[in-house]
Novice: 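Below is the structure I would like to discuss, written out as structure tokens.
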Amino acid sequence: MPPLFPGSTTYPGSTTYPGGGASLGENTLPAFMVEINFGQNPGAIPNDWRDVSPYVTELSIRRGRQDEDGRDEAGTATVLLLDDNRDFDPTNTAGAYYPNVLPMRRVRITLRWGTTNVGVFHGFAESWAPRWEGTTGKLPVVELRCVDLFKSITLTELDGPVYPEELTGARVGRVLDTIGWPTAERSIATGVHTVGAEAASSADNKGKVTPATATGSVKAYLDAIVDAERGRLFIDGDGNVVFQDSRYRLDVATTSQATFSDADGQINYPELETEFDDSLLANDVIVTHQATGQHPNPVERASDASSIAIYLRRSLSLGVRLIKPGEAAAVAGYFLWRRKDARFRAPSLAVKPVAAEWATVLPLLDVLSDRITIHRQPPQGGGAIEQEVHVEGFTLTLRPYAADVSLDVSPTSTLAEWVSGTSTYGTSTIVGI
């Protein structure tokens, strides 16, 4: 298949953070910069960024996923632009950016507090919608909706490329090579698990039938690879494709980057969602992996009798693109360990950073999965509730003199696959993991 982004070597943009931008509020909210690359097609090396920040009246961004078992979907941004001169109106032939007010123009958004500059969104214009607001219906604005790379690769089809048996990280990189995504704009972990080879036709060189499975949506195929790893794949705030393998949170995201608390002297939160229910319980996990000549019965199962006695049987069936039964058994064991008991969770919290607190909060909105601490002292007395969690996603809204940030989080885990020479039985690993 032809590459999706031919000829691009540094896409999607500068590795330095832009400065400036319009400031909201009086020393309480971060400065922001919204830039649009009007003059170039999406595959070109970007060098025509135009700062439209003075026209922005409101913006909102959503990136990430809701919990640790979900898939990262396309990040989105909505920018409301004041349009007195109709420069952002695609129907105005006299506009400053005509005829380049088009879908798929690249857009990036950066926030800054002091010396802390963080890219929070990098994607493409999806639509330009002029409208007229206010009490008289005559205030001209254009709503710019944006989406990141994931929409494009959802609409791009693989046509049976040949891939060898390899680790998940190598496979993710190979797929990005197939669509022409530059290596400079990736952060790809090695991976722990192995995925099978993909054939170009229905028969391999030994005459055995081998379906050409590397077909369909690029996004769906990558999701299946990431599911096999139990990692995550997303577009970071600077437009890079990021693949985190199943050991990332144990080896990299090991230290809490911030504490959110109802106590004085910490970053406060106005809302904290909590739950302790049966929605994630599973005590009978069935994992189906890919069959091979050596392993024709591709099913591994892990159950817990004590959990079944307490909660009744709750089965969870998973299909993974793994070829080694031991790895599939490890996946079954991991999900059983994590889901066999009901666990207290704080899945989301709303925060309102004040002044210098933004320097701590902003980095959490770039590369996701950072570890943070949530603290709550119930007013009834007794012990405090404290939990370390990973940031899974966020929603950010900026408007004049107001900012809202909501973080989706999930509990940290201390267990993963056995790693020879480093794991300790019973502490950093469990049977089958």
Side-chain angles (χ1 to χ4, degrees), residues 28-30 60-70 72 75 111-121 187 189 230-238 242 244-276 280 338 343-378 383-398 403-416:
T28 59
L29 300 180
S60 62
I61 299 167
R62 168 67 193 170
R63 288 181 36 237
R65 61 186 184 181
Q66 287 190 319
D67 58 53
E68 68 272 33
D69 290 332
D72 287 270
L111 297 186
R112 182 185 62 181
W113 179 271
T115 60
T116 301
N117 298 276
V118 174
V120 291
F121 179 82
S187 178
R230 295 192 336 277
R232 68 182 304 189
L233 185 80
F234 58 90
I235 310 301
D236 72 11
D238 295 314
V242 178
Q244 297 172 347
D245 64 22
S246 57
R247 291 207 58 86
Y248 177 86
R249 297 187 177 194
L250 293 158
D251 297 339
V252 180
T254 58
T255 304
S256 178
Q257 302 299 306
T259 297
F260 296 88
S261 173
D262 58 341
D264 293 338
Q266 304 288 351
I267 303 176
N268 292 124
Y269 51 82
E271 295 179 24
L272 176 65
E273 181 183 351
T274 63
E275 60 187 28
F276 183 71
L280 295 178
R338 206 180 72 217
R343 301 178 67 186
F344 177 84
R345 297 172 64 94
S348 68
L349 66 158
V351 299
K352 284 186 175 291
V354 177
E357 293 176 352
W358 281 102
T360 300
V361 173
L362 287 182
L364 304 176
L365 311 184
D366 183 9
V367 179
L368 304 173
S369 288
D370 275 341
R371 185 182 293 229
I372 62 174
T373 303
I374 299 174
H375 178 276
R376 181 73 184 184
Q377 177 58 64
I385 299 171
E386 188 163 291
Q387 190 174 67
E388 286 201 358
V389 297
H390 290 288
V391 176
E392 302 291 352
F394 73 89
T395 302
L396 166 72
T397 301
L398 285 175
D404 297 292
V405 181
S406 177
L407 301 177
D408 297 306
V409 299
S410 64
T412 60
S413 173
T414 58
L415 303 182

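We number each residue from 1, following the sequence as shown. Everything numeric in this text was worked out from a predicted model, so none of it was measured.
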Novice: Looking only at non-hydrogen atoms, find the nearest pair between Thr360 and Ala258 and report the distance.
Specialist: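 Of all heavy-atom pairs spanning Thr360 and Ala258, the closest is CG2-CB, 3.4 Å.
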Novice: To the nearest 0.5 Å, how far apart are CG in Asp67 and CG in Leu280?
Specialist: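 The distance works out to 7.0 Å.
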Novice: Could you give the distance from CG (Leu407) to CG (Leu272), rounded to the nearest 0.5 Å?
Specialist: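 So the gap between those two atoms works out to 11.0 Å.
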Novice: Could you measure the distance from the CD atom of Gln266 to the OG1 atom of Thr373? Nearest 0.5 Å is fine.
Specialist: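 If I round to the nearest 0.5 Å, the distance is 9.0 Å.
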Novice: Locate the shortest heavy-atom distance separating Asp72 from Leu233; write the atom from each residue and the value.
Specialist: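 Residues Asp72 and Leu233, closest heavy atoms: CB-O, 3.1 Å.
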Novice: Is there a donor-acceptor contact under 3.5 Å from the side chain of Gln244 to the main chain of Leu368?
Specialist: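 Pair found, side chain donor or acceptor close to backbone of Leu368.
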Novice: Sequence neighbours excluded, which residues qualify as salt bridge (Lys or Arg N to Asp or Glu O under 4.0 Å) partners of Asp408?
Specialist: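 Per chain and number, Asp408 pairs via salt bridge (Lys or Arg N to Asp or Glu O under 4.0 Å) with Arg62.
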Novice: Please report the shortest heavy-atom distance between Ser410 and Arg345, naming the atom on each side.
Specialist: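 Looks like CB-NH2, 4.0 Å.
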Novice: Show your reasoning for whether side-chain contact (heavy atoms from CB on, under 4.5 Å) applies to Arg338 and Asp69.
Specialist: CA-CA 11 Å; Arg338 206 180 72 217; Asp69 290 332; 2.3 Å; yes
Novice: Is there a side-chain contact (heavy atoms from CB on, under 4.5 Å) between Val389 and Phe260? Walk through the geometry before answering.
Specialist: CA-CA 11 Å; Val389 297; Phe260 296 88; over 6 Å; no
Novice: Taking the side chain as everything from C-beta on, heavy atoms only, tell me whether Ile385 gets closer than 4.5 Å to Phe344.
Specialist: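 Yes - at least one pair of side-chain heavy atoms lies under 4.5 Å apart.
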Novice: Could you list all the salt bridge (charged side-chain N to carboxylate O under 4.0 Å, His left out) pairs where at least one residue sits in residues 388-397, not counting sequence neighbours?
Specialist: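 Listed by first then second residue: Arg65-Glu392, Arg232-Glu392, Arg249-Glu392, Arg371-Glu388.
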Novice: For the backbone of Ala350 and the side chain of Asp404, can you confirm whether one donor and one acceptor N or O come within less than 3.5 Å of each other?
Specialist: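 No, because the side chain of Asp404 does not come within donor-acceptor range (under 3.5 Å) of the backbone of Ala350.
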Novice: Evaluate side-chain contact (heavy atoms from CB on, under 4.5 Å) for Asp236 paired with Arg63, printing each intermediate quantity in order.
Specialist: CA-CA 9 Å; Asp236 72 11; Arg63 288 181 36 237; 4.3 Å; yes
Novice: What's the shortest heavy-atom distance between Pro363 and Asp370, and which atoms?
Specialist: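 Minimum heavy-atom contact is O-OD2, 3.9 Å.
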Novice: So, the side chain of Asn268 versus the backbone of Ser261: is there a donor-acceptor pair under 3.5 Å, distance only?
Specialist: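 Looks like yes, one N/O pair under 3.5 Å.
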Novice: Tell me whether Gln257 contacts the main-chain N or O of Thr255 through its side chain, where contact means a donor paired with an acceptor under 3.5 Å.
Specialist: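 Checked: pair present.
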Novice: Start with the C-alpha distance between Trp113 and Glu357, add both sets of side-chain angles, then the distance that settles side-chain contact (heavy atoms from CB on, under 4.5 Å), and finish with yes or no.
Specialist: CA-CA 9 Å; Trp113 179 271; Glu357 293 176 352; over 6 Å; no
Novice: Mind listing the closest non-hydrogen atom pair of Asp366 and Phe234 along with its distance?
Specialist: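 Closest approach of Asp366 to Phe234, heavy atoms only: O-CE1, 4.5 Å.
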Novice: Between Ser369 and Ala253, which heavy-atom pair has the shortest distance, and what is it?
Specialist: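 Answer, listing the atom of Ser369 first, then Ala253: O-CB, 3.5 Å.
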Novice: Would you say the side chain of Leu111 lies within less than 4.5 Å of the side chain of Leu398, judging by non-hydrogen atoms?
Specialist: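 Of all side-chain heavy-atom pairs linking Leu111 with Leu398, at least one is under 4.5 Å.
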Novice: Keeping Trp358 on the side-chain end and Leu29 on the backbone end, is there a donor-acceptor pair under 3.5 Å?
Specialist: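 The answer is no, because no donor-acceptor pair under 3.5 Å joins these two groups.
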Novice: Working to the nearest 0.5 angstrom, can you tell me the gap between Tyr248 OH and Thr254 OG1?
Specialist: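 Going from the OH atom of Tyr248 to the OG1 atom of Thr254 covers 9.5 Å.
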Novice: Could you measure the distance from the OH atom of Tyr269 to the NZ atom of Lys352? Nearest 0.5 Å is fine.
Specialist: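 That separation rounds to 15.5 Å.
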